[in-house]
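In listed order, ligands and their atoms are each counted from 1. This one's a predicted model, so the numbers in the text were calculated from it and none came from an experiment.
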Amino acid sequence: MLFSQLAVYLQKLDETSSRNTITELLADLFRRASADEIGKLCYLLQGRVAPLYEETEFGMADKFMIRAIALAYGADQSVVLKTFKEHGDLGKTASALHTGKTEKLEVTDAYIQLRAIAETNGTGSQEKKIQLLADMLKRVDATAACYIVRIPLDKLRLGFSEMTILDSLSWMLAGDKSLRSRLEDAYNVRPDIGYISETVKKEGIAGLSHVRARVGSPVLAELCQRLPNAAEMIKKMGNVAVEPKYDGVRVQIHVIRARNGGVKISTYSRNLEPTTDMFPELSEIGKEVDAREAILDCEAVGLDPVTGKISSFQETSTRKRKHDIDEARKSVPLRFFVFDILYKDGKDFLSTPLSERRSILEHTVKPGRLLSISPQIVTDKADELRRYHDEQLRVGLEGVVVKKWNSLYEPGRRGYSWVKFKEEEGKDGKLTDTIDAVVMGYYLGEGKRTGFGIGALLVGVRKGEQFETVTKIGTGVTDALWKTLQKQLHAIEVRGVPKEYDAVHKTLIPDVWTRPLIVVELAGDDLTKSPTHGAGYAVRFPRLVRIRKDKRPADATTVSELTRMFENQMSHTKK
Ligand code: ATP
């Protein structure tokens, strides 16, 4: 397939916001692609050249793109800049300055070149990138040039994620969405849209039965549901393991032992980001893991070397740059509480009951300086569960995670196999859990906050791939946080309403719209029914707790979760 043929689809996708049209257009594109092309296409549609968990950054700034366009079309940089000012978009600028001459550029070649651009670094790399881009621009037509430019600038905003791609793969195979959940199950085990699409293109849906966890490819983390109290948990889940809920960071550790005995470690966050560089101490866990290869699911917390006390999430997550990491390693050593094992020595344990996984875990992890096995009790009694929970609150932890003892590991699912128990949910009609919402836009500030350019945020929760407003929020934000938000939000401002936002009530229209990329955690007094907010509920007295960098918009709280939180709250208020 030629890149110019793909560009025709990209243009149509750009112009529609109907989810059904997008799904059908993609299915049509996938039918026309060969088995070798489909995976690459799927990455490109996401503006990427690799799966989400591989770090590939284009690192291409506007000024370099201006030079690439100038070089490709023999134009003066001042002309490119002037055209850019007129269009406000470098993609359209390239289309406008296109000379009319084209050669043929295959999608596969475009992918290889774009990948080379992402992988080129070091001295002289910007020059090489400019040259590679100019070469590509010369070979495509005006429409295709627009998209060749947008991809490395991270400006390809087609308004859908991997979930819509999965719908479209189902559509390609079956002519409807009936295979979506099987595709999603496989994606949750191997969240690599290129690999999944290639597998089904080659082998049909049956090909997914071979999909297994493997080291080096993160498995999507199992997540917790909510239930109002201990009695409900026992009633719904039966025999359960109850573990302290540590407030740290979720880390999936992948261990590979080399023949010479050395270990290679890679780690991933719960939103699939590679985090290996954040945890250099893990290179020393060789003695603590009795396996050739293993995937461990853990929560990392800071442990005060003097008091032995567990420190907060904020301290654990200060590890951003190399310097921070070195400093943090000295002052707050980390401890990894391992609570699950997903894979060991060629065997995938996702379909093994938790009771057996726990025993495999106890035979694999040899607790030492870095790893601990999460403590737990196993019970089918509500009062015992409540007592254990209260003990955790007394020692300063958040609560407990309650896990159905015979449940399988459910990657990426928020089901009733794992339930979080902080305080009794909805006690006194209060909202005891926080909400993870996506920033949809902001209102300009008044008074003191004018300095930050932001007075309040408009935030929303998820409904499928769309976002529905749930509250405006202006309190609980420190000056430092406003500053961080201002910087991050400016980078993702857009002129029109993003496709992912359903109709926003006229009283809520923000001064500035932003792309749905930043997740914030909110606390509130309670939920009330709301005729204005798209979610159907509003948060009373919302406060911003923190930016959740470890969450993707796809991890935001959903409208159905809010409904459950509201019902839990009501069941308590009535008592
Ligand atoms: P919260 O917002 O309450 O911190 P969350 O939204 O990050 O939770 P949940 O699904 O609500 O995610 O809770 C599960 C999280 O709890 C896990 O992702 C993990 O980081 C943390 N956790 C701490 N201790 C455990 C444990 N023993 N077992 C599983 N998860 C644990």
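Using a 4.0 Å cut-off between a side-chain N of Lys or Arg and a carboxylate O of Asp or Glu, D433 and R226 qualify as a salt bridge. Salt bridge D185/R413: present, at least one basic N to carboxylate O contact under 4.0 Å. Between E299 and R250, none of the side-chain N atoms (NZ, or NE/NH1/NH2) sits under 4.0 Å from a carboxylate O, so this pair counts as no salt bridge. Between D380 and K235 there is no salt bridge, since no side-chain nitrogen of the basic residue lies less than 4.0 Å from a carboxylate oxygen of the acidic one. Using a 4.0 Å cut-off between a side-chain N of Lys or Arg and a carboxylate O of Asp or Glu, D192 and R190 do not qualify as a salt bridge. With salt bridges taken as basic N to acidic carboxylate O contacts below 4.0 Å, one links K403 and E243. Salt bridge present: E561 and R414 bring a charged side-chain N and a carboxylate O closer than 4.0 Å.
Ligand 1 has K403 within reach: a non-hydrogen atom of the residue lies less than 4.0 Å from it. Under a 4.0 angstrom heavy-atom cut-off, P244 registers as being in contact with ligand 1. Between V400 and ligand 1 there is no heavy-atom distance shorter than 4.0 Å. Distances from ligand 1 to the non-hydrogen atoms of F337 include no value under 4.0 Å.
In this comparison of E243, R270, R548, R250, the heavy atom closest to atom 17 (C) of ligand 1 sits on R250. Nearest to atom 31 (C) of ligand 1 by heavy-atom distance, out of F339, W418, Y246, is F339. Proximity annotation for atom 1 (P) of ligand 1: of E398, K551, R226, K245, K245 comes nearest, heavy atoms only.
For the pair K404 and Y416, the cation does not sit on the ring face, since its NZ or CZ is not both under 6.0 Å from the ring centre and inside 45° of the axis.
For the pair E521 and ligand 1, the shortest N or O to N or O distance does not fall below 3.5 Å. Of the N or O atoms in C224, one or more lie within a sub-3.5 Å distance of an N or O in ligand 1. At a 3.5 angstrom cut-off on N or O pairs, D247 does not count as close to ligand 1. For ligand 1, the polar-atom distance check against K422 finds a nitrogen or oxygen pair separated by under 3.5 Å.
Of the protein's non-hydrogen atoms, E299 OE1, 3.4 Å is the one closest to atom 21 (C) of ligand 1. If you check which protein heavy atom lies closest to atom 11 (O) of ligand 1, you get K420 NZ, 2.3 Å.
At a cut-off of 3.5 Å, with distance as the only test, no side-chain donor of Q488 or H490 sits close to an acceptor on the other residue. A side-chain donor from one of D502 and Q466 sits under 3.5 Å from a side-chain acceptor of the other.
Ligand-side atoms of ligand 1 in range of D436: 6 (O), range being under 4.0 angstrom from any heavy atom. Close contacts between ligand 1 and L223 involve ligand atoms 10 (O) [criterion: under 4.0 Å to a heavy atom].
At a heavy-atom cutoff of 4.0 Å, ligand 1 is contacted by no atom of D297, backbone or side chain.
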